[in-house]
> 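Okay, handing you the structure first.
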Amino acid sequence: MRIHHLNCGSMREVAPPSDPDGALRPLPAVCHCLLVETDSAGLVLVETGYGTLDVRDPQRRLGPDFLAWAQPVLDPEETAVHQLQRLGYAPDDVRHVVVTHLHRDHTGGLADFPHARVHLHEAEHRAATVVGHDRYLPAHWAHDPSWVTYSGDDGERWLGFDGVQQLAGLPPEVLLVPLAGHTPGHVAVAVRRPTGAGSAWLLHAGDTYFYRGEVQPGLPPTPPAFDALQASVETDRPLRLRNVDRLRALLAEQPDQVDVISAHDPWEFARHRQDAPASLA
């Protein structure tokens, strides 16, 4: 198993939290994706960020209101498909995509991998494709992807979380972890790290939190821009905050077992890219 950390979409610059040491500087928010090389299931992409069609037609694909607020850079070189090609892979090498949820900054690249199976929670699939909401953008799945959905009634207990499931066709080193609150079917994705690569598991928590200080004690408070954004989009704030508390407790109690990352924290992304071995960066 190899894990590559990819930024698949820079967005508006975020001012750092209060930092008495002055170690943090303003950085563009990111779309933190993972590319996982498996021995038995080919490439697995966790999240997609923005895709090539978003770059070509941002007004239709992302919408003017979102563009004005998020200010995505939309650099074709940041799209997942271009980054994979620089690593020597073809789009069809990605056989599986796992999404934490279906907001537009997480799904723009789905169409770049039309033959991949797309794994997600069934509650998220229903919210986006049946119930509908202006936070979801059906244009991102107009190519009719091969959805693979998972019920919240199934699964097992894993590191204190219930309903955790292995993914169909993937090795047991990749798990789906229900973490609703930001959206009805929001999940985290756990990936077992190679031996000697730090904590045993890397847990991509999507948009459960936006800044690592929410789950890591002793860090400065969350930047106001992130607080305001979360309040405007979350569907169940008490549930999301309970899941933030669970992540905080997990990091405090079992740091050797799991490291947690989120989708948009640029300082967290920079740390993981810097810490990754050269072959994984």
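Heavy atoms only: backbone and side chains are in, while hydrogens, waters and symmetry mates are out.
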> Give the intermediate values and the outcome of side chain to side chain contact (heavy atoms under 4.5 Å, CB included) for residues Ile3 and Arg193.
CA-CA 8 Å; Ile3 304 172; Arg193 279 174 158 158; 4.0 Å; yes

> Tracing side-chain links under 4.5 Å among I, L, V, M, F, W and Y, which residues wind up in one group with Val73?
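The other cluster members (ILVMFWY side chains, heavy atoms under 4.5 Å, direct or chained): none.
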
> Can you list everything that forms a side-chain hydrogen bond (donor to acceptor under 3.5 Å, both in side chains) with Arg135? Sequence neighbours excluded, please.
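Listed in chain order: nothing, the list is empty.
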
> Which heavy-atom pair separates Gly51 from Asp112 by the least distance, and what is that distance?
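Heavy-atom minimum between the residues: CA-OD2, 3.3 Å.
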
> Residues in side chain to side chain contact (heavy atoms under 4.5 Å, CB included) with Leu53, at least two apart?
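Leu53 satisfies side chain to side chain contact (heavy atoms under 4.5 Å, CB included) with Arg56, Arg61, Ala111 once adjacent residues are dropped.
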
> Could you tell me whether a side-chain N or O of Glu47 sits under 3.5 Å from a main-chain N or O of Cys33, the two making a donor and an acceptor?
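Looks like no, no N/O pair under 3.5 Å.
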
> Tell me if a side-chain donor or acceptor on Ser262 pairs with a main-chain N or O of Ala205 at a distance below 3.5 Å.
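A pair under 3.5 Å: no.
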
> With a 4.0 Å cut-off on N to O distance, would you call Arg60 and Asp57 a salt bridge?
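Yes, this pair counts.
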
> Is there side-chain contact between Leu34 and Leu45, with at least one heavy-atom pair below 4.5 Å?
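Side-chain contact under 4.5 Å: no.
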
> For Ala168, what residues pass the side chain to side chain contact (heavy atoms under 4.5 Å, CB included) criterion, not counting sequence neighbours?
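Ala168 satisfies side chain to side chain contact (heavy atoms under 4.5 Å, CB included) with Arg117, Val148, Tyr150 only.
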
> Determine, using the 4.5 Å side-chain heavy-atom cutoff (strictly less than), whether Leu239 and Leu247 are members of one ILVMFWY cluster.
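No, it is not one cluster - the side chains of Leu239 and Leu247 are not joined through contacts under 4.5 Å.
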
> Indicate whether the side chain of Asn243 and that of Arg240 have a donor and an acceptor atom separated by less than 3.5 Å.
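Asn243 vs Arg240: no donor-acceptor pair found between side chains.
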
> Does the side chain of Asp54 come under 3.5 Å of the side chain of His140 through a donor N or O and an acceptor N or O?
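Judged by distance alone, the side chains do pair up.
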
> The criterion is side-chain hydrogen bond (donor to acceptor under 3.5 Å, both in side chains); which residues satisfy it with Asp227, sequence neighbours excluded?
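Expected list: none.
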
> For Asp93, which residues count as a side-chain hydrogen bond (donor to acceptor under 3.5 Å, both in side chains) partner, sequence neighbours excluded?
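Per chain and number, Asp93 pairs via side-chain hydrogen bond (donor to acceptor under 3.5 Å, both in side chains) with no residue.
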
> So, for Ser40 and Arg95, which heavy atoms are closest and what is the spacing to 0.1 Å?
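That closest heavy-atom pairing would be O-NH1, 3.9 Å.
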
> Any luck finding a side-chain donor-acceptor pair between Thr38 and Glu173 under 3.5 Å?
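Judged by distance alone, the side chains do not pair up.
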
> Which ILVMFWY residues are connected to Leu62, directly or by a chain of links, through side-chain heavy atoms under 4.5 Å apart?
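Listed partners: Met11, Tyr50, Val55, Phe66, Leu67, Leu74.
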
> Counting C-beta onward and ignoring hydrogens, is there a side-chain heavy-atom pair between Val177 and Val164 closer than 4.5 Å?
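Counting from C-beta outward, Val177 and Val164 do come under 4.5 Å.
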
> Do Tyr209 and Gln216 have side-chain atoms, one donor and one acceptor, less than 3.5 Å apart?
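Checked: Tyr209/Gln216 side chains show no N/O donor-acceptor pair below 3.5 Å.
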
> Which pairs, with at least one residue in residues 24-47 and sequence neighbours excluded, count as a ring pair (Phe, Tyr, Trp, His ring centres under 6.0 Å)?
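Only His5-His32, His32-His204, His32-Phe269 qualify under ring pair (Phe, Tyr, Trp, His ring centres under 6.0 Å).
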
> Any idea which heavy atoms bring Trp201 and Leu175 closest together, and the distance?
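For Trp201 versus Leu175, the nearest heavy atoms are CH2-CD1, 3.7 Å.
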
> Please report the C-alpha distance between Thr208 and Val244 in whole Å, then the side-chain angles of each, then the deciding distance to 0.1 Å, and finally whether the side chain to side chain contact (heavy atoms under 4.5 Å, CB included) criterion is met.
CA-CA 7 Å; Thr208 304; Val244 170; 4.0 Å; yes

> List the steps, then state whether side chain to side chain contact (heavy atoms under 4.5 Å, CB included) holds for Leu120 with Leu102.
CA-CA 9 Å; Leu120 73 165; Leu102 291 175; 3.5 Å; yes

> Charged N to carboxylate O under 4.0 angstrom, Glu77 versus Arg86?
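Salt bridge flag = yes for Arg86 with Glu77.
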
> Could you list the residues that satisfy ring-ring contact (aromatic ring centres under 6.0 Å, His included) with Trp69, not counting sequence neighbours?
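For Trp69 there are no ring-ring contact (aromatic ring centres under 6.0 Å, His included) partners, ignoring immediate neighbours.
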
> I'd like to know if Leu87 and Phe113 are part of one continuous hydrophobic network [Ile/Leu/Val/Met/Phe/Trp/Tyr, side-chain heavy atoms within less than 4.5 Å].
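Per the 4.5 Å side-chain linkage, Phe113 and Leu87 are co-clustered.
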
> Should the pair Arg212-Asp259 be classified as a salt bridge under the 4.0 Å nitrogen-to-oxygen rule?
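So Arg212 pairs with Asp259 through a salt bridge.
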
> Checking the side chain of Arg12 only, and the main-chain atoms of Ala29 only, is there a donor and an acceptor separated by less than 3.5 Å?
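Checked: no pair found.
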
> Which residue pairs pass the ring pair (Phe, Tyr, Trp, His ring centres under 6.0 Å) test with at least one member in residues 90-109, sequence neighbours excluded?
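For residues 90-109: His96-His119, His101-His103, His101-His106, His101-His182, His101-His186, His103-Tyr136, His103-His182, His106-His264.
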
> To the nearest 0.5 Å, what is the distance between CG (Leu250) and CG (Leu203)?
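If we round to the nearest 0.5 Å, Leu250:CG and Leu203:CG are 7.5 Å apart.
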
> List in chain and number order the residues that pass side chain to side chain contact (heavy atoms under 4.5 Å, CB included) with Arg157, two or more places apart in sequence or in another chain; answer none if no residue qualifies.
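Side chain to side chain contact (heavy atoms under 4.5 Å, CB included) list for Arg157, sorted by chain: Asp162.
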
> Determine, for Arg273 against Glu268, whether the closest basic-nitrogen to carboxylate-oxygen distance falls under 4.0 angstrom.
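Salt bridge between Arg273 and Glu268, a charged N being under 4.0 Å from a carboxylate O: no.
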
> Taking atom CD of Glu156 as the centre, does the number of heavy atoms from other residues, nucleotides or ligands within less than 6.0 Å exceed 12?
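Not buried by this count: 12 neighbours or fewer within 6.0 Å.
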
> If you look at every heavy atom in Pro184 and Ala123, which pair is closest and at what distance?
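Minimum heavy-atom contact is O-CB, 4.0 Å.
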
> Start with the C-alpha distance between Leu43 and Tyr89, add both sets of side-chain angles, then the distance that settles side chain to side chain contact (heavy atoms under 4.5 Å, CB included), and finish with yes or no.
CA-CA 9 Å; Leu43 298 181; Tyr89 294 113; 3.6 Å; yes

> What residues, two or more places apart in sequence or in another chain, satisfy side chain to side chain contact (heavy atoms under 4.5 Å, CB included) together with Leu27?
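In terms of side chain to side chain contact (heavy atoms under 4.5 Å, CB included), with neighbours along the sequence ignored, Leu27 is linked to Arg25, Pro266, Trp267.
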
